[in-house]
Amino acid sequence: MSNVAIEQPDRRTFVLGASAMAAFAGFLATPALAQDAAALDAMMKKFIGDAKPVAGKVSIDLPEIAENGNTVPYSITVESPMSDNIASYDFTPESGKAFVSSRMRLGKTQDVYALAQMSDGKVFMAKKTVKVTIGGCGG
Amino acid sequence: MSTKPRIKMPDSAKAGDVVEIKTLVSHVMETGNRKDNAGKTIPRNIINSFTATLGGKPVFTAKLQPGTSSNPYISFFVKAPAATTEMEFTWVDDQGVKISDKQPLKVG
């Protein structure tokens with residue numbers, strides 16, 4: 001998901017092409033400021049089109065306070081039968097479980113959103129605020 | 001700079017078990033937002049895609065973006081097949097450098 005448009009075009013087709021139980025999840029972080037609401041909307045639109053995210057089904061496991069913004073551990077789980085953007089993941093029925101864990105960079109205290117799109121097109125969302133002690137975006 | 005990735009798989013799994021695979025690869029993951037001392041932008045060079053295949057079939061793919069930390073760690077789950085099957089892991093960065101490794105998912 002992302003402010004980077006380059007990788008977007010084939011994502012949806014991949015999801016549609018995957019089998020009925022596939023789900024995929026994406027992830028983005030945005031500074032927790034009111035004027036960024038529009039930027040968040042734009043990012044979401046790139047990722048999910050006009051679908052309206054519904055709270056629930058997705059959970060983010062993130063620390064409340066990130067001491068080192070260079071490497072903030074996270075996990076996202078999707079309940080399913082089976083700034084910059086951070087990453088997007090495609091799951092397949094062979095995944096067995098829609099779960100991924102990785103590390104992200106956070107420049108400052110901000111809200112992190114996780115979006116999950118099911119194979120039927122429904123989109124779920126979760127949000128969590130992380131306080132960052134040392135920013136991790138260089139500069 | 002392609003050091004061997006580290007992959008942690010279960011020693012053995014039962015068919016149908018959902019098992020965790022942990023991967024770690026060395027990479028600078030330069031975001032493209034930083035400037036060097038002369039004020040010139042350091043070009044972006046990140047691992048932009050990761051694919052895990054089981055017996056040749058993609059089971060998990062990730063599109064990474066600059067928000068992913070350096071030396072990306074990714075852990076995910078896979079349903080163990082009926083018999084031992086080779087898994088292949090491939091990372092590709094912005095310069096087209098491919099890092100890949102193979103390991104069997106042992107069943108039984």
Side-chain angles (χ1 to χ4, degrees), chain A residues 1-8 10-11 14-15 17-19 21-22 24-30 43 47 66 68-78 82-107 110 112 136-139, chain B residues 8 13-25 27-36 39 41-42 44 46-82 85 87 92 94 105:
Chain A
M1 164 154 75
S2 77
N3 54 356
V4 185
I6 29 173
E7 289 143 348
Q8 302 317 312
D10 62 327
R11 178 167 305 143
F14 180 94
V15 173
S19 99
M21 282 168 60
F24 88 138
F27 223 172
L28 57 91
T30 184
M43 270 193 241
F47 174 50
N68 180 357
N70 264 310
T71 171
V72 183
Y74 66 89
S75 303
I76 37 178
T77 317
V78 187
M82 71 153 208
S83 87
D84 275 320
N85 316 305
I86 293 155
S88 62
Y89 302 98
D90 291 310
F91 300 102
T92 63
E94 287 77 20
S95 297
K97 184 166 165 181
F99 171 97
V100 64
S101 174
S102 187
R103 307 280 181 261
M104 68 169 90
R105 288 184 171 122
L106 294 174
Q110 59 197 289
V112 176
C137 287
Chain B
K8 179 123 171 90
K14 282 200 204 89
D17 271 4
V18 176
V19 295
E20 186 171 24
I21 315 270
K22 294 177 177 174
T23 67
L24 183 69
V25 66
H27 197 276
V28 288
M29 297 294 274
E30 188 57 60
T31 61
N33 298 328
R34 297 197 312 150
K35 293 193 167 65
D36 62 16
T41 303
I42 305 170
R44 187 183 113 154
I46 63 167
I47 286 176
N48 56 47
S49 85
F50 167 70
T51 311
T53 63
L54 180 67
K57 190 180 170 200
V59 287
F60 178 83
T61 59
K63 287 180 180 166
L64 305 180
Q65 296 191 353
T68 300
S69 299
S70 53
N71 304 328
Y73 159 84
I74 300 171
S75 106
F76 58 95
F77 285 81
V78 155
K79 201 186 280 175
T85 308
M87 286 198 77
V92 182
D94 286 342
L105 178 56

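Here is how names work: the chains are called A, B, and so on, in the same order as the sequence lines, proteins then strands, and each is numbered from 1. All heavy atoms count here, side chains included; hydrogens, waters and symmetry mates do not.
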side-chain contact (heavy atoms from CB on, under 4.5 Å) involving B:Lys8 - partner list, sequence neighbours excluded: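 B:Lys8: side-chain contact (heavy atoms from CB on, under 4.5 Å) contacts with B:Lys22.
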Open item on the list: As an exercise: rank B:Ala62, B:Pro81, B:Gly16 by heavy-atom pairs under 4.5 Å with chain A and give me the winner.
Closed with: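 If we count pairs closer than 4.5 Å to chain A, B:Ala62 comes out on top.
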Within the distance-only criterion (no hydrogens, no angle test), does the side chain of A:Arg105 pair as donor or acceptor with the backbone N or O of B:Gly67 below 3.5 angstrom?
->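 Flag not set: sc A:Arg105 to bb B:Gly67 has no pair under 3.5 Å.
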Side-chain donor/acceptor of B:Ser69 to backbone N/O of A:Met104, under 3.5 Å: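 Yes: the side chain of B:Ser69 pairs with the backbone of A:Met104.
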For the residue pair A:Tyr89 and B:Phe60, does the interplanar ring angle fall in the parallel (under 30°), tilted (30 to 60°) or perpendicular (over 60°) class?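 Parallel.
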message = Which atoms of B:Ser49 are under 4.5 Å from chain A, going by heavy atoms: the side chain, the backbone, both sets, or neither?
response =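 It is neither, since no heavy atom gets under 4.5 Å.
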Show the nearest heavy-atom pair for residues [X] and [Y], with the distance to one decimal.
X	Y	answer
A:Phe99	B:Ser75	CE2-OG, 3.9 Å
B:Pro58	A:Thr92	O-CG2, 3.7 Å
B:Val59	A:Ser95	O-OG, 3.0 Å

